[in-house]
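Worksheet: one structure, shown below.
One-based numbering, in listed order, for ligands and for the atoms of each. Just so you know, residue 1 is the first one in the sequence shown, and it goes up from there. Every heavy atom of this structure was used, including side-chain atoms; hydrogens, water molecules and symmetry mates were not.
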Amino acid sequence: RMKQEGGRSFRFYEAQMDEQIEECRALTGELRGALERREFILHFQPLVSARAATIEGFEVLLRWQHPTRGLVPPDEFIPLAEQSGAIIPLGQWVIREACRIAAAWPSKLTVAVNLSPIQFRHSDVVAIVRDALQESGLAAERLELEITESVFLEATQEILDILRTLRGMGVSLSLDDFGTGYSSLSYLRRAPFTKIKIDRNFVRDLPDAKTDVAIVRAVVQLGTSLGMTVTAEGVETLAQQTCLAEQGCHQFQGYLYSRPVPADEAEALIRKPRLNLVNPHAA
Ligand code: C2E
Ligand code: MG
Ligand code: MG
Ligand code: MG
C-alpha cells in the first residue's frame, strides 16, 4: 500500500514538475518582445534616513505588466530573463529609464538600480551606465548600483575592475541582501562598496531574536568603521525600526514607510511625504 501511495504521489509530483517546466517555457517565450511591447514598468520604494526620518532616495524595482497574467513580480521572471539572455536589453532599459526618471527629482535624492551578475559578465556595464548618465543628465553621485555577492562567483578580478571603474566615475555601490549568500569579508575589503543592505531575513524577527540583534549590531559596526552606509531592508514594524535605530543602522527601507509605487506616486511622496516616518531621536 505504502509503495502504491508513494508511486501515486510521485506521479503527481512529476505532473506538477511538467506543469512548472511548461509554465517557465511559456513565460520565457512571452518575455521575448515584451520590452518592445512596453510591458515593463518601474516601481520605486523610498530609502529613509534613520537620523532625520526623511526620504534620501528610492530603489527601483522592476515589474512586468503582463497582458493576461497581471503584474508579474521580478522573482518570477528575472531568473528566466537571465537564462534566456533577455536580461541584457531589459537591464539596460532599467538603467536608462531609472536615470531619466530620477533626473526630474530634487537633486539631493538618489536612485538605486539592481544589477544582475549576467549583466556584468555579458554586457559592458560601464558603457551602459556612462551613456545613461550622459543621456539623462543625472549626476553620477546620485546613482547607486545594487549588487549581490553572487556576482563574485566567477571572474572576481574582472568584476573588481569593473566595480572600481564605476566607483571612479562617482557611482555608489551597494552590497545587496547582505548575509544571505556567500558573504565573504574579502569582498568588503577588495570591492569599493559604499553601502551594505542587511537582508530582511535578519530584520524579520527583530527585536525578539537576540541572535539577529547581535548580527545587525555587528554588521552596523563593521560597515560604519569601513565608512559605509548600512541600510536595513524589509522594515515592517515600529518595533523593528526602534531596534535597528538602537543598533545604529543608518537607513531603512520597507513596507512600514511605503510599498514600491509607480513613478507618479513616488513623486507625490517626494512633494508631500505621507510615510510612517517616526523620528527615533525625536520620539
Ligand atoms: P531586492 O533588491 O532585495 O529588493 C527588495 C525586495 O524586498 C523587493 O521585492 C521589495 O518589494 C521587497 N520589500 C521591500 N520592503 C519590504 C517589506 O517591508 N517586507 C517584505 N516582505 N518585502 C519587502 P521585489 O520588488 O519583489 O523584488 C525582488 C527581487 O528582484 C529584488 O530583491 C531584486 O533582487 C530583483 N529585482 C527587482 N528589480 C530588478 C531589476 O531591475 N533588475 C534585476 N537584475 N533584479 C531586480
Ligand atoms: Mg535591491
Ligand atoms: Mg535586497
Ligand atoms: Mg532580495
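Ion pairing between E246 and R217 fails under the 4.0 Å rule for side-chain N and carboxylate O.
When ring centroids are compared, F120 and F152 stay outside the 6.0 Å threshold.
The proximity of D176 to ligand 1, defined as any non-hydrogen pair under 4.0 Å, is limited to the side chain.
Applying the ring-ring contact (aromatic ring centres under 6.0 Å, His included) rule to F44 yields the partners W105; only residues at least two apart in sequence or on another chain are considered.
Among the atoms of D177, no N, O or S atom falls under 2.8 Å of the Mg ion (ligand 2). Contact annotation: N114 places an N, O or S atom under 2.8 Å from the Mg ion (ligand 2). The Mg ion (ligand 3) has no N, O or S atom of D199 closer than 2.8 Å.
Nearest-heavy-atom check against atom 37 (C) of ligand 1 across P74, S174, P73 picks out P74. Remark: among candidates E146, E233, K197, R200, the nearest residue to atom 6 (C) of ligand 1 is R200, based on non-hydrogen atoms. Around atom 40 (C) of ligand 1, the closest heavy atom drawn from L61, V60, N114 belongs to N114.
In D176, the N, O or S atom that comes nearest to the Mg ion (ligand 3) is OD1. Distances from the Mg ion (ligand 3) to the N/O/S atoms of E233 are shortest for OE2.
Numbered from 1 in the order shown, with element, the atoms of ligand 1 that lie under 4.0 Å from a heavy atom of Q45 read 14 (C), 15 (N).
For the pair S123 and I128, the minimum side-chain heavy-atom distance is below 4.5 Å.
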